[in-house]
Number of protein chains: 2
Amino acid sequence: MRLSKKERQQQLLKAVEIEPFLTDEEMARRYHVSIQTIRLDRMELGIPELRGRIKDMAEKNFDHVRSLYPEEVIGEVTELTLDVGATSFLEIRDEHVFARNGIARGHHLFAQANSLAIAVVDAETALTATASLRFVRPVQLGEKCIAKARVTQKSSRTQVDVNTLVGNELVFQAVFDVYRAKEDE
Amino acid sequence: MRLSKKERQQQLLKAVEIEPFLTDEEMARRYHVSIQTIRLDRMELGIPELRGRIKDMAEKNFDHVRSLYPEEVIGEVTELTLDVGATSFLEIRDEHVFARNGIARGHHLFAQANSLAIAVVDAETALTATASLRFVRPVQLGEKCIAKARVTQKSSRTQVDVNTLVGNELVFQAVFDVYRAKEDE
DNA sequence: ACTAATTTAGTACTAGGTATTAATAGGTGG
DNA sequence: CCACCTATTAATACCTAGTACTAAATTAGT
């Protein structure tokens with residue numbers, strides 16, 4: 001059966017969202033209307049053509065992958081003195097939280113702190129040996145986390161303390177034992 | 001000046017990799033050859049046309065984002081008994097390692113272990129309070145990590161021990177203190 | 001100078017459209 | 001019952017970024 005214009009257009013919006021690779025032809029077939037009708041619909045709804053949609057996705061994820069991938073330190077480093085201390089900034093976004101409750105997943109706080117601890121150690125290759133963590137209070141979606149790392153010991157193993165704050169409030173604390181790896185390995 | 005065929009083709013390969021949105025026309029302009037030459041080059045090199053390249057990217061990242069995002073547990077859960085124990089599997093890929101040395105970054109091992117520990121606790125909302133970690137040996141690109149979680153204490157706080165193995169070898173160890181959060185909060 | 005490789009030109013055709021104009025079908029109000 | 005309106009369909013010209021193919025022109029190597 002044929003749907004009304006309104007219904008068809010609503011379905012179209014959803015369809016394009018979950019199946020962005022639909023051609024006008026395929027949509028016309030699905031809703032038993034002509035291809036011209038579909039095109040009028042797209043105009044009215046402001047849905048770009050297939051190629052445009054595809055390009056948008058490709059572009060979006062092109063930067064996305066770029067910024068996600070070779071990022072050596074999780075978060076943005078705002079200050080760094082090798083073997084002394086460093087600071088980084090991370091805003092908690094959708095991708096960092098549990099969907100159910102909007103609370104940041106522990107491993108993101110850990111990742112910010114750990115990668116900063118590694119970065120502050122002056123060695124070609126620094127690796128974490130042990131760590132002890134305290135999640136002081138849950139961090140919510142939208143909160144801005146400042147991680148402050150300080151080197152507290154420099155023997156064979158380096159100890160780095162990291163405190164993560166939201167505003168003035170301590171939300172996470174970690175102590176890392178980092179070692180400088182040899183070349184041959 | 002005009003480059004030799006070989007040089008041009010090598011440059012083309014690189015160009016397409018870092019700028020996948022180049023049209024044949026633009027490439028022809030850049031290398032001062034005709035559009036047909038570029039097309040012959042693409043044939044020989046097996047480089048698909050612009051629209052194909054764009055579509056590939058869009059498709060890749062379509063699943064990519066899908067699989068990356070709403071993944072509640074990092075890694076693949078192979079076994080789970082609530083409040084008792086669970087196992088998950090994670091293969092170390094490019095995106096998990098330091099580019100320089102191919103060693104897995106600590107926070108991925110942590111993420112696998114921590115998310116598994118959270119999953120095994122039978123509560124609507126479980127959060128990590130404290131953790132202590134030991135990175136026993138560096139994990140290399142391509143290695144397959146099996147994380148085994150066991151609940152070792154069930155009072156107000158739940159304690160979960162996680163051992164991560166590559167083959168039979170212990171590579172990472174963690175003890176998590178998890179608490180069950182109240183609804184109001 | 002001659003052959004082979006390389007490059008360019010040109011034509012027909014394709015998908016998946018845009019943009020525009022015009023025709024048709026189905027109801028509604030007066 | 002006719003006029004009008006909305007929705008739909010049709011038809012045509014044009015676009016981009018190509019493929020596939022044939023043929024000619026140029027350049028390089030020996």
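In the text below, chain A, chain B and the rest are named by the order of the sequence lines, each starting its count at 1.
Within the 4.0 angstrom heavy-atom criterion, base atoms lie near B:Gln36. Residue contacts for A:Ile35: at a heavy-atom cut-off of 4.0 Å it reaches no nucleic acid atom on any strand shown.
Taking both residues in full, the closest heavy atoms of B:Lys154 and B:Asp83 are given as CD-O, 3.9 Å, listed atom of the first, atom of the second, then distance.
Between A:Phe21 atom CZ and C:dG17 atom C1' the separation is 17 Å, expressed in whole Å. Straight-line distance from the CE atom of A:Met27 to the C1' atom of C:dG17: 11 Å, rounded to whole Å. Taking atom CD1 on A:Ile54 and atom P on D:dA17, their separation rounds to 14 Å, with Å as the unit. What separates CD of A:Glu49 from P of C:dT18 is a distance of 5 Å, to the nearest Å. Here the P atom of nucleotide C:dA5 and the NZ atom of B:Lys5 are 10 Å apart, to the nearest Å. The distance between atom CG of B:Leu40 and atom P of D:dA20, rounded to the nearest whole Å, is 12 Å. Between the OH atom of A:Tyr31 and the P atom of D:dT9 there is a distance of 15 Å, given to the nearest Å. Atom P of nucleotide C:dT8 and atom CD of B:Glu25 are separated by 15 Å, given to the nearest angstrom.
At a threshold of 4.5 Å between non-hydrogen side-chain atoms, the residues B:Ile38 and B:Glu25 do not count as touching.
Taking the six-membered ring where tryptophan is involved, the planes of B:Phe110 and B:Phe176 are tilted, since the angle between them lies from 30° to 60°.
Judged by atom type and distance alone, B:Arg39 does not reach the base of D:dT19 through any side-chain donor-acceptor pair under 3.5 Å. Side-chain atoms of A:Arg51 and base atoms of C:dG16 include a donor and an acceptor less than 3.5 Å apart.
Residue-environment remark: CD (A:Gln10) stays at or below the threshold of 12 foreign heavy atoms within 6.0 Å.
Nucleotides of DNA chain C nearest to A:Leu50 and B:Ser34 differ in position, and the one nearer the 5' end is that of B:Ser34.
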Full working for salt bridge (Lys or Arg N to Asp or Glu O under 4.0 Å) between A:Glu44 and A:Lys5: CA-CA 11 Å; A:Glu44 289 179 24; A:Lys5 189 180 179 181; 3.1 Å; yes

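The phosphate of D:dT8 (OP1 or OP2) has a side-chain N or O of A:Arg8 nearer than 4.0 angstrom. Remark: B:Thr23 is not in phosphate contact with D:dA17, judged by side-chain N or O atoms under 4.0 Å from OP1 or OP2. In this model, the phosphate group of D:dT8 is not approached by any side-chain N or O of A:Thr37 to a distance below 4.0 Å at OP1 or OP2.
A heavy-atom distance below 4.0 Å to DNA chain D is reached by none of the residues of residues 41-48 of chain A.
Put simply, CG on B:Leu116 and CG on B:Leu90 are 11.0 Å apart, with the number rounded to the nearest 0.5 Å.
Salt bridge annotation for B:Arg30-B:Glu26: present, with a cationic side-chain nitrogen under 4.0 angstrom from a carboxylate oxygen.
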